[in-house]
Amino acid sequence: MARRVVVTGMGAITPLGLDVETFWQGLKEGKRAFSEISSFDCTDYKAKMAAEIKDFDPTKYMDFKTAKRMERFSQFAVAAATEAVEDSGLDMEKENPYRVGVIVSSGIGSMQANEREHAKLMEGKKVSPLYIPMMIANMASANISIKYGMKGKNVAIVTACASGAHSIGDSYRAIKYDDADVMVAGGAEAAICPLGVQGFTNMTALSANLDPNTCSRPFDKERDGFVIGEGSGVVVLEELEHAKARGAKIYAEVVGYGSTNDAFHITSPAEDGSGAGEAMIAAMHEAGIEPSDVQYINAHGTSTHHNDLFETRAIKYAFKDAAKNVAINSTKSMIGHLLGGAGGVEFIVCVKSITDSYVHVTSGLTNPDDECDLDYTMGSGRDLDITYAMTNNLGFGGHNATLLLKKYEA
């Protein structure tokens, strides 16, 4: 028998704040986190802007030795998970550890480790014996489980920019069908480094706009690519009766999950929007609702030409006439694209939008593309009573993930 799944904890490490409330307040105020890259010399780079996290201290979440044995993406994941677990009030001493799992993923793992250790190899120096276990993408999940003694289902899902959303979706299903009672889920990424920036630049994905006020402007006619960001979003998902039995506060309920592939192109979404559209349809079908029941969509909204155009077509494909009545926004307009970390962070935005009855602005959008003709929350955020909220994430390789949340009702 399918079980109900609720959100009982949230944690975020973002360019707008190192906890959920600071991050959310920054979004409500319309703050933008963009500046010229400071972590390396970008003088000769075409794309110079990023949404960096500049004041993160991993030793606030773990001891110095443990921090030294983690790459930046893992540190972000453990930090976000720490906030989420503390927020949930989960006490592992009272739990069966084999019923508590972790799926916190990264689309890339550590590019910095690759750069650093490859340079050592080329110089004839010793490659670190910790290179492999620090670099690989599953170490976000692994380090969280080690910290808390969570011994249940523990995997990492690598679907590029959909990794975080797929992680939450698969965690939801694990609880729904009784593979776990509690799952710690989300994503993390830290790829602001020379190899990462040049790689995305040379495939024409990054914005070359040097104005921090307009470098990321999803759905705008003048958009020219995404701005790379970094960070992590992690949530605690829990079976409803388990949460109620321990007196946990409940933020929202997860009611639908859609996962598809475009089978079309390694970087471009399907031009007719059918792949992402079918993921949205699947999520609504699982929840037993109609498109007219959804008040809000947190779009993937990268600020690239193809994504914004084809995601708009996907929303029209899934929602038909109801597409014009749903409020849409892009969190990437203020914190850039967190790649594998985006899904977790944007899921948290959906939860906060439901609990606070508020939809934040799509910052930088002033002149919508002719075919991007839906309601993208342009100009300012707005109060909105939300029963159902949806979030989309689309990854290179054609991976589509849609999550559907509902305001919690006992």
| message | Can you tell me if K249 has over 12 outside heavy atoms packed within less than 6.0 Å of its NZ? | response | yes
| For atom NZ of K407, is the number of surrounding heavy atoms from other residues, nucleotides or ligands below 6.0 Å larger than 12? | yes
| field | Donor-acceptor pair between D385 and Q295 side chains, under 3.5 angstrom | value | no
| Is a side-chain donor-acceptor pair under 3.5 Å present for S357 with D383? | no
| said: Distance to the ring centre below 6.0 angstrom and angle to the axis at most 45 degrees; does that hold for K352 and Y358? | reply: no
| task | State whether Y317 and K320 meet the cation-pi test: NZ (Lys) or CZ (Arg) under 6.0 Å from the six-membered ring centroid, and within 45° of the perpendicular axis. | result | yes
If I compare all heavy atoms of [X] with all of [Y], which pair ends up nearest, and what's the gap?
{"X": "H360", "Y": "N329", "result": "O-ND2, 2.8 Å"}
{"X": "S88", "Y": "A248", "result": "O-CB, 4.3 Å"}
{"X": "A270", "Y": "D262", "result": "N-OD2, 3.1 Å"}
{"X": "P218", "Y": "S363", "result": "CD-O, 4.2 Å"}

| field | Qualifying residue for side chain to side chain contact (heavy atoms under 4.5 Å, CB included) with H337, from I228, T302, N307 | value | T302
| Salt bridge check: are K244 and E239 linked by an N-O gap of less than 4.0 Å? | no
Can you tell me how far [atom2] of [Y] sits from [atom1] of [X], rounded to the nearest 0.5 angstrom?
{"X": "S74", "Y": "R69", "atom1": "OG", "atom2": "CZ", "result": "12.5 Å"}
{"X": "N400", "Y": "T260", "atom1": "CG", "atom2": "OG1", "result": "3.5 Å"}
{"X": "K406", "Y": "T387", "atom1": "NZ", "atom2": "OG1", "result": "8.0 Å"}
{"X": "S106", "Y": "M111", "atom1": "OG", "atom2": "CE", "result": "9.5 Å"}
{"X": "M62", "Y": "D57", "atom1": "CE", "atom2": "CG", "result": "9.5 Å"}

| Relative to each other, are the rings of H166 and H399 parallel, tilted or perpendicular (30° and 60° limits)? | perpendicular
| task | Test F226 against K332 for side-chain contact (heavy atoms from CB on, under 4.5 Å), laying out the working first. | result | CA-CA 8 Å; F226 72 79; K332 295 178 182 71; over 6 Å; no
| So, D308 side chain and F219 main chain: donor-acceptor pair closer than 3.5 Å or not? | yes
| Are the side chain of R32 and the backbone N or O of S216 linked by a donor-acceptor pair below 3.5 Å? | yes
| query | Quick one: does H305's side chain get under 4.5 Å of R223's, heavy atoms only? | reply | yes
| request: Would you please name every residue forming a ring pair (Phe, Tyr, Trp, His ring centres under 6.0 Å) with Y45, sequence neighbours left out? | output: F40
| request: Output every pair passing salt bridge (Lys or Arg N to Asp or Glu O under 4.0 Å) with a member in residues 97-116, not counting sequence neighbours, ordered by first then second residue. | output: E71-R116, R99-D178, R99-D181
| query | Going through the distances and angles, do F56 and F76 end up as a ring-ring contact (aromatic ring centres under 6.0 Å, His included)? | reply | CA-CA 9 Å; F56 176 72; F76 288 162; 5.0 Å; yes
